[in-house]
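Handing you a structure now.
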Amino acid sequence: MAAGTRALGHGAFSRSSLLLLLLRGDPPPARGYAKKAAVKGKGKVGVKEALQGPEVCKDPVILTTHAVGVNIYKQGTDPKLLPDTEYPEWLFSLNLGPPKNLDELDPESREYLKRLRKEHMWQHNKEHRGKKF
């Protein structure tokens, strides 16, 4: 490209010719963005099958003896539940309820510090909501 020319659209324009276009009131040349692809022929459109979720097991015997929904493979069955003695003790001591408040936690514990940091971030975000930099 020669000095003083500028590529816009499909051709190159010198600075003076671009200035003349702008002074005459003509819009500047369009950029050469890619055109949208045209749809050629719709062809045959088949009926789409509706997506179905997994089958729900309602058998009470299977629900009480197997871990239903744990099998992630297409083939195979859900694993059988073992007696409680086969599982580690910590599994039964997990907190399955809502998280504890700061008042309920020991101030020297790691969980206390993590919860304190999280609540501080919530408070900071609430105070600065909607404010720009």
**Prompt:** Side chains of Thr77 and Asn71: closer than 4.5 Å at any heavy-atom pair?
**Reply:** no
**Request:** State plainly whether one hydrophobic cluster holds both Leu82 and Leu63, where clusters connect Ile, Leu, Val, Met, Phe, Trp and Tyr through side-chain heavy atoms under 4.5 angstrom apart.
**Result:** no
**salt bridge (charged side-chain N to carboxylate O under 4.0 Å, His left out): pairs with one or both residues in residues 109-121, sequence neighbours excluded** = Arg115-Glu119
**Request:** To the nearest 0.5 angstrom, please state how far the CD atom of Glu127 sits from the NE2 atom of His124.
**Result:** 7.0 Å
**Item:** Shortest non-hydrogen separation from Leu105 to Tyr112 and the atoms involved
**Value:** CD1-CA, 3.8 Å
**Prompt:** Short question: side chain of Asn101, backbone of Asp103 - any donor-acceptor pair under 3.5 Å?
**Reply:** no
**Fill in**
Scanning both residues in full, the closest heavy-atom pair of Asp78 with Val68 reads OD2-CA, 3.5 Å
**Message:** Nearest 0.5 Å, please: how far is CG in Leu81 from CD1 in Ile62?
**Reply:** 12.0 Å
**Prompt:** If you measure from NE2 on His128 to CD on Gln123, what distance do you get to the nearest 0.5 Å?
**Reply:** 10.5 Å
**Fill in**
Looking only at heavy atoms, the pair that brings Ser93 and Trp90 closest together is OG-O, 3.0 Å
**Message:** Please check if the number of heavy atoms outside Glu104 that lie under 6.0 Å from its CD is greater than 12.
**Reply:** yes
**Message:** With a sphere of 6.0 Å drawn around CD of Glu108, does it hold more than 12 non-hydrogen atoms of other residues, nucleotides or ligands?
**Reply:** no
**Message:** Once rounded to the nearest 0.5 Å, what's the spacing between atom CG of Asp106 and atom NZ of Lys100?
**Reply:** 10.5 Å
**Prompt:** Once you round to the nearest 0.5 Å, how far does CG of Asp84 lie from CD of Glu89?
**Reply:** 11.5 Å
